[in-house]
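When reading the values below, keep in mind they use all heavy atoms of this one structure, side chains included, and skip hydrogens, waters and symmetry mates. Here is how names work: the chains are called A, B, and so on, in the same order as the sequence lines, proteins then strands, and each is numbered from 1.
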Protein chains: 2
Amino acid sequence: MKRDRVTLTDVAAIARVDRAVVSRVINKDPTLNIRPETRERVLAAIEQLGYRPNVAARSLRTSRAHMFGLFIPDFANPVYAEIIKGAEAEAADQGSVLVTGSATRAGLGEYMDRLGQGRIDGLLLAGAPDEAGLAGQLDRAGIPWIMLNHRGRTVRRYVILDDERAAALAVEHLVRLGHRRVAHLAGPSGADTATRRSAGYSAAMRAAGLPEGPIVAAGYTPAGGAAGMARLLAAGERPTAVFVANVASAIGAMQAVRSAGLEIPRHVSIVAVHDLDLAGYLSPALTTVRMPLAELGRRGVTLLSVLKPDETVAEVLDGPIELIPRSSTAPPPDRS
Amino acid sequence: MKRDRVTLTDVAAIARVDRAVVSRVINKDPTLNIRPETRERVLAAIEQLGYRPNVAARSLRTSRAHMFGLFIPDFANPVYAEIIKGAEAEAADQGSVLVTGSATRAGLGEYMDRLGQGRIDGLLLAGAPDEAGLAGQLDRAGIPWIMLNHRGRTVRRYVILDDERAAALAVEHLVRLGHRRVAHLAGPSGADTATRRSAGYSAAMRAAGLPEGPIVAAGYTPAGGAAGMARLLAAGERPTAVFVANVASAIGAMQAVRSAGLEIPRHVSIVAVHDLDLAGYLSPALTTVRMPLAELGRRGVTLLSVLKPDETVAEVLDGPIELIPRSSTAPPPDRS
DNA sequence: TTGTATGCGTTATCAT
DNA sequence: ATGATAACGCATACAA
């Protein structure tokens, strides 16, 4: 078993050629004019030795890492799993690899330190990392970066999803079923996605000629959803349907409905954003709006590799958004 | 804004010192005898320029990447999310970073090609990648590797969890509640974890002096769990409790119970392996056995960095395993 | 059609 | 207590 790693020089020796030739064969240099026979010898030698280029040397020479970074808040959140999948696929298409880090352990700053200089060609920031001094730090390091699913307050370097349209789809679904009192459990007031979903809700209600039902801030957690739904149910005129800002919150909301002795969807219909696997496993199965999360990740990597250093980007991803009807929505109880 | 990246030479120039000195200061070379005043100058220069070592150059020189790889089947599976968290934390403790790849897009072979040579110091293999020629390929590349949660058929290079004990905990919980007819929905016959959980079930039943209830292979999917549970319920003497090999399968099993017009836990108790967040959101909330998944990831990285090249490892991780009681288990219906 | 020379940024050995 | 130098493996401009 070969212990020493094989280098270009080894391959060149076996192929009776210079290292430069091997290098140009590997990199498919179009200006290389080589006779087929020689190329064969090179390829054979590569195969025989099982040669694979040393990325450190290559990267040092070309100052390209062929690696993209993706920083997320938490691996356990299935929303990010989808984004990762897309980003990984696009990176692979470019012959690059994706290194993902999470804020579970420490902040972005410490992560960047561990990464060092020159390890990645660009960084995707999903969720909402602490923005303070972020742009500066990354720019000083000369690393292209883009925020995913979150608009920066100061910098225009992001791609987001069309949350307004997603919210509209949800509301329209409820309206089509006959609901007229549609309430909204909103996400955390700080979150950019939450703001956009709420805006979409309001716009859709207006478009349908309906009065905005109560809007209650519920956060993105089951506990928040439960508390929010409890308030909604205690209100004077109980809504017959609720648009919830995300699935986690909807889970809590559903529990609150049950606790109140009511049934879903018989007394209250519920629809939430993001079509996670989990949604299908709840009982009743949760009606959701599917967002192109994988496409978001994919687009991020693409932009990273085509963007000029100082170019800005403020893009609303144009991907398929669709309503996935399940068992948590139905026509309202007729009490007329 | 500085555009050119700053190198050791720049720092040395500002500090009026040689590059070698800066390097040794950074790496805390104990043999370096430097006067405090000089060290201060160096540190100040580093700070002033915002210098960060170039990993490519360093890695080329030292042939250490300060990066570990983790290959998993799918990011969407929360089990791997936990493993990733642990592995990332341990890597961080070592000043390294973790690059995770998934089989979503392609196999391990193609992933290794994209990784190239010298990018990682070691590779963790979670789940069960195609084992054919795997060991050979990695060994030839000189990359230390370890399988996580899966015993290799031929090679002894793995760390697994104590699935037998987990199964025993689950069964003991049911027996303590008074159940005597405890069935088992097993995982896929090929999966190593499934085998161990089944063995644990059998041993625990024997230890309790109870006859092995029916054992049905159900796979690790909701569909499999539903089908398996349907068979269990159709059998002559219906079990009062079922130990299910994983949560996904349990979800299907729960649906099958409801479809049969029965209630959980009134007619059938259910307990499954792995305490995923999801378990708490089901209704009824699922009783589970928590396994130290994060510890598994952490241990993997540790072993990777201490193992000698040709050393083998066959370890059952000694971490906390505990039963998390929720609402899916209760005493059996008394029909005596 | 193929070979030569140089430098990427760092670490480590040896001088001074 | 600090400086000079070589080498890691590769890509590329240029020479032959």
Side-chain angles (χ1 to χ4, degrees), chain A residues 4-43 45-46 49-66 95 115-119 121 141-142, chain B residues 2 4-43 45-46 49-67 95 115-119 121 141-142:
Chain A
D4 310 303
R5 51 195 190 296
V6 11
T7 76
L8 259 195
T9 311
D10 300 329
V11 175
I14 299 255
R16 331 258 256 104
V17 185
D18 191 85
R19 300 178 336 207
V21 175
V22 180
S23 174
R24 297 170 70 187
V25 165
I26 289 176
N27 297 327
K28 306 199 201 317
D29 181 345
T31 78
L32 171 61
N33 210 338
I34 193 178
R35 92 182 66 158
E37 169 203 331
T38 312
R39 160 173 276 128
E40 276 318 311
R41 277 215 315 281
V42 172
L43 260 21
I46 290 176
L49 295 178
Y51 169 77
R52 279 156 68 235
N54 181 303
V55 290
R58 169 177 284 185
S59 170
L60 179 57
R61 184 61 229 262
T62 64
S63 54
R64 286 221 44 194
H66 294 284
L115 234 30
Q117 179 167 104
R119 177 122 50 176
D121 297 325
Chain B
K2 273 279 184 332
D4 309 304
R5 51 196 188 297
V6 12
T7 76
L8 260 194
T9 311
D10 300 329
V11 175
I14 300 252
R16 331 258 256 103
V17 185
D18 191 84
R19 299 176 335 209
V21 175
V22 181
S23 173
R24 296 171 73 187
V25 165
I26 289 175
N27 297 325
K28 307 198 200 316
D29 182 345
T31 77
L32 170 63
N33 211 338
I34 192 177
R35 96 181 64 162
E37 167 202 330
T38 313
R39 158 173 281 128
E40 275 319 311
R41 277 214 317 281
V42 171
L43 261 20
I46 291 177
L49 295 177
Y51 169 77
R52 279 156 67 236
N54 181 301
V55 290
R58 170 177 282 185
S59 169
L60 178 59
R61 185 60 231 255
T62 63
S63 56
R64 285 221 45 193
H66 293 284
M67 177 147 105
L115 233 30
Q117 179 167 105
R119 177 120 50 177
D121 297 326

## Note on the structure
Comparing B:Asp29 with B:Arg52, nearest DNA chain C nucleotide closer to 5' gives the residue B:Arg52
### Message
In this structure, how many angstroms lie between the P atom of C:dA12 and the CG atom of B:Leu32, rounded?
### Response
13 Å
### Query
Rounded to the nearest Å, what distance is computed from the CZ atom of residue A:Arg24 to the P atom of nucleotide D:dA13?
9 Å
### Query
Could you give the CD1-to-C1' distance, from A:Ile26 to D:dT12, as a whole number of Å?
14 Å
### Message
Of the options D:dC10, C:dT10, D:dT12, whose atoms approach the side-chain atoms of A:Thr62 most closely?
### Response
D:dT12
### Task
Can you tell me the distance, in whole Å, between the CG atom of A:Leu60 and the C1' atom of D:dA7?
12 Å
### Query
Closest to the B:Arg35 side chain: D:dT2, C:dT10, D:dG9?
D:dT2
### Task
Round to the nearest Å and state the distance from A:Leu8 atom CG to C:dT4 atom P.
15 Å
### Message
Mind checking if B:Asn27 touches a base, just sugar-phosphate, or nothing, with heavy atoms under 4.0 Å?
### Response
sugar-phosphate
### Query
Within the structure shown, what part of the strands sits under 4.0 Å from B:Thr7 by heavy-atom distance: base, sugar-phosphate, or nothing?
sugar-phosphate
### Message
With a cut-off of less than 4.0 Å, is there a side-chain N or O of B:Asn33 near OP1 or OP2 of D:dA1?
### Response
yes
### Message
Using whole Å, what does the distance between atom C1' of nucleotide D:dG3 and atom CZ of B:Arg19 come to?
### Response
10 Å
### Message
As a test of understanding, state which of A:Asn27, A:Thr31, A:Asn33 forms a side-chain hydrogen bond (donor to acceptor under 3.5 Å, both in side chains) with A:Asp29.
### Response
A:Thr31
#### Entry: A:Arg5 vs D:dG9: side-chain N/O to OP1/OP2 distance below 4.0 Å
yes
### Query
B:Asp10 has an atom CG; how far is it from atom C1' of C:dG9, in whole Å?
11 Å
### Query
To the nearest Å, how far apart are B:Arg16 CZ and D:dA1 P?
20 Å
### Query
Between A:Thr38 and C:dT2, does any side-chain N or O lie under 4.0 Å from OP1 or OP2?
yes
#### Entry: Side chain of A:Arg58 (C-beta onward), nearest among D:dC10, C:dG3, C:dT10
D:dC10
#### Entry: Among D:dG9, C:dT2, C:dT10, the nucleotide that comes nearest once only the side chain of A:Ala57 is considered
D:dG9
